[in-house]
Amino acid sequence: MTRAVGADEALAIVEDDLGVAAADAFAEFDPMPLSAASIAQVHGCVLRDGRPAVLKIQRPDIADRMNRDLRMMYRLARLVDRTRTGHLLNAPGVVEDLHQVTNEELNFVLEAHRQTAFRDNIGAFGDNAWITAPEVYWDHCGTRVICMERLYGTPLDRFDDVRARGIDGELALRRGLKVWTEAALVHGPFHGDVHAGNIWLLDDGRAAYLDFGIMGELPADHRQAVRDAQFTLMIDGDYSRIVRAWQRIGILTADVGPVDEVAARLKAVLDPMFDLALGEVSLGELLRQQVELQREYGARAVRELVLVSKQLMYFERYAKELAPAYNMARDLFLVQNVFPEDVARAAAERGITLPDDSVPLLRPPAPPGGAGRAPRPAPAPPG
Ligand SMILES: Nc1ncnc2c1ncn2[C@@H]1O[C@H](COP(=O)(O)OP(=O)(O)O)[C@@H](O)[C@H]1O
Ligand SMILES: [Mg+2]
């Protein structure tokens, strides 16, 4: 943990930002931070109306300090750029990218806005009741302060806790992945930092996304290409659709050969791989390799695709722990809202039942010593 800012100083930032005395806005403020990282620290509090909340407070001077560092890096990058071999690195471009990403992360108004949009989109199709994100309390937010609903639970990587609570890890993962997939392929902005501290399993059985400091969004043509690839993998196995999509976004060139022949070759190599469980093949790694082929296409598109591949790798790590036999490449559930009719038809043909919101996350506990204990009743889905 980075050294925490003192509670008085943290509270002074809140008062300054909101333009009110803390006592007028909050019934309680916990001086012990829940977390203190490089950009922000988080304190528990209670609003005057009794709602438990947290305040994510930006460290004083952090924006100035980081931008000072960025300016120094930019000067170095320009020097490197003047040398013949250094020029090939495009160092100024790299620093410009870093400048954009860093300042997005420092912009708490943007973060709160993205969090609200992500949260609203979770329920866009009327399902996903078991996944949430903290509600932003806008009347207590400022440029350096995000006030939001307080959640109670454990980070996803406390795998022993997860197992001890009898949580169906595979179902939790599928539900979380489904929301993430819908965000990237339908709504646009997706969570770009799904490390385990930012995904929580809540005490009430739901799972939550936290921390919207880093988000990605695929450019429209790339989003369509990834959707096309998903349709092929999940629904009809027609790899010519992938070849055409990859040609449109420059992963394959127009002159690779007749589409049908290339498709047949790809299918022969890839299709058996997609039948394997995640422990045996990494979709994230596969996508990263594809992106290598596309380097010259344009920095922005590449950044977003790399961000997608990184998130997939995180999810694969969780799958290895929580659901070793799970195969996300063929899980119709993930694209249920992306291709509704096709998924319904494919599921019926394959005799698959997709989980709905009535299935609870907690497995009924095995009765100790055999009989004699009734399983815990399933909780009703929240919300
Ligand atoms: N809504 C919340 N409810 C409860 N704890 C929270 C909430 N938001 C953040 N926290 C706590 O603060 C930590 C840091 O918050 P996060 O948004 O991830 O900030 P950072 O950008 O510093 O990672 C979380 O891992 C969690 O422990
Ligand atoms: Mg975080």
Side-chain angles (χ1 to χ4, degrees), residues 1-5 7 10-11 13-14 26-47 50-63 65-66 98 101-120 122 131-159 161-162 176 180 189-216 307 310-311 314-315 317-318 382-383:
M1 244 198 208
T2 327
R3 189 192 66 85
V5 172
L11 209 50
I13 295 173
V14 175
F26 308 105
E28 284 170 38
F29 175 84
D30 184 353
M32 267 297 281
L34 295 167
S35 125
S38 59
I39 293 184
Q41 75 188 41
V42 175
H43 286 265
C45 69
V46 177
L47 303 187
R51 281 179 293 175
V54 302
L55 290 160
K56 182 168 178 177
I57 304 166
Q58 192 163 126
R59 289 172 159 275
D61 304 329
I62 188 72
R65 275 219 309 277
M66 288 178 95
L98 195 61
V101 173
T102 306
N103 278 291
E104 276 186 17
E105 221 181 327
L106 288 164
N107 183 342
F108 273 24
V109 180
L110 182 66
E111 177 169 337
H113 170 76
R114 286 169 158 176
Q115 179 169 333
T116 301
F118 187 93
R119 177 184 153 86
D120 290 348
I122 291 174
I131 304 290
T132 190
E135 180 183 353
V136 171
Y137 296 148
W138 281 101
D139 42 0
H140 295 85
C141 290
T143 51
R144 291 169 297 164
V145 176
I146 304 174
C147 183
M148 64 185 115
E149 171 189 10
R150 180 160 184 176
L151 299 177
Y152 299 90
T154 47
L156 183 65
D157 62 350
R158 307 243 175 97
F159 295 117
D161 275 12
V162 174
W180 190 90
F190 60 85
H191 197 296
D193 193 16
V194 299
H195 73 69
N198 291 340
I199 304 184
W200 277 26
L201 288 170
L202 304 185
D203 295 345
D204 65 10
R206 292 178 300 165
Y209 284 96
L210 294 177
D211 193 354
F212 296 82
I214 302 176
M215 301 279 290
L307 204 56
K310 275 191 192 152
Q311 311 315 306
Y314 276 122
F315 285 122
R317 215 173 298 156
Y318 310 142

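Ligands are counted one by one from 1 in listed order, and the atoms in each one are counted from 1 as well.
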Participant: Taking the non-hydrogen atoms of Trp200, is any one of them nearer than 4.0 angstrom to ligand 1?
Facilitator: yes
Participant: Which residue, Asp193, Val194, Asn198, forms the side chain to side chain contact (heavy atoms under 4.5 Å, CB included) with Tyr209?
Facilitator: Val194
Participant: Report, in ascending order of atom number, the atoms of ligand 1 lying under 4.0 Å from any heavy atom of Asn198.
Facilitator: 18 (O)
Participant: Would you tell me which option among Ser35, Pro33, Cys147 has the nearest heavy-atom contact to atom 14 (C) of ligand 1?
Facilitator: Ser35
Participant: Using 2.8 Å as the threshold, say whether any N, O or S atom from Asp193 sits that close to the Mg ion (ligand 2).
Facilitator: no
Participant: What protein heavy atom sits nearest atom 11 (C) of ligand 1, and how far away is it?
Facilitator: Val42 CG1, 4.0 Å
Participant: Measure from atom 25 (O) of ligand 1 to every heavy atom in Pro52, Gly153, Gly197 and give the option owning the shortest one.
Facilitator: Gly197
Participant: Within less than 4.0 angstrom of ligand 1, does Val54 place any heavy atom?
Facilitator: yes
Participant: If you consider just the N/O/S atoms, which atom of Asp211 is the closest one to the Mg ion (ligand 2)?
Facilitator: OD2
Participant: Quick one: nearest non-hydrogen protein atom to atom 23 (O) of ligand 1, plus distance?
Facilitator: Asp211 OD2, 2.9 Å
Participant: Ligand 1 versus Lys56, non-hydrogen atoms closer than 4.0 Å: side chain, backbone, both, neither?
Facilitator: side chain
Participant: Report the nearest protein non-hydrogen atom to atom 1 (N) of ligand 1: residue, atom name, distance rounded to 0.1 Å.
Facilitator: Glu149 O, 2.9 Å
Participant: For ligand 1, note which part of Ile39 has a heavy atom under 4.0 Å away: side chain, backbone, both or neither.
Facilitator: neither
Participant: Check whether His140 reaches the backbone of Met148 with its side chain - one donor and one acceptor, N or O, closer than 3.5 Å.
Facilitator: no
Participant: May I ask you to list the atoms of ligand 1 that are less than 4.0 angstrom from any heavy atom of Ala37?
Facilitator: 22 (O)
Participant: Pull out every atom of ligand 1 sitting under 4.0 Å from any heavy atom of Pro134, numbered as shown with elements.
Facilitator: 1 (N)
Participant: Any salt bridge between Asp211 and Lys56, counting N to O under 4.0 Å?
Facilitator: yes
Participant: Counting non-hydrogen protein atoms only, what is the nearest one to atom 3 (N) of ligand 1? Give residue, atom name and distance.
Facilitator: Leu151 N, 2.9 Å
Participant: When you measure from the Mg ion (ligand 2) to the N, O or S atoms of Asn198, does any of those distances fall below 2.8 Å?
Facilitator: yes
Participant: Provide the number and element of each atom of ligand 1 under 4.0 Å from a heavy atom of Met148.
Facilitator: 1 (N)
Participant: Which heavy atom of Ala37 sits nearest a heavy atom of Arg59, and at what distance?
Facilitator: O-NE, 2.8 Å
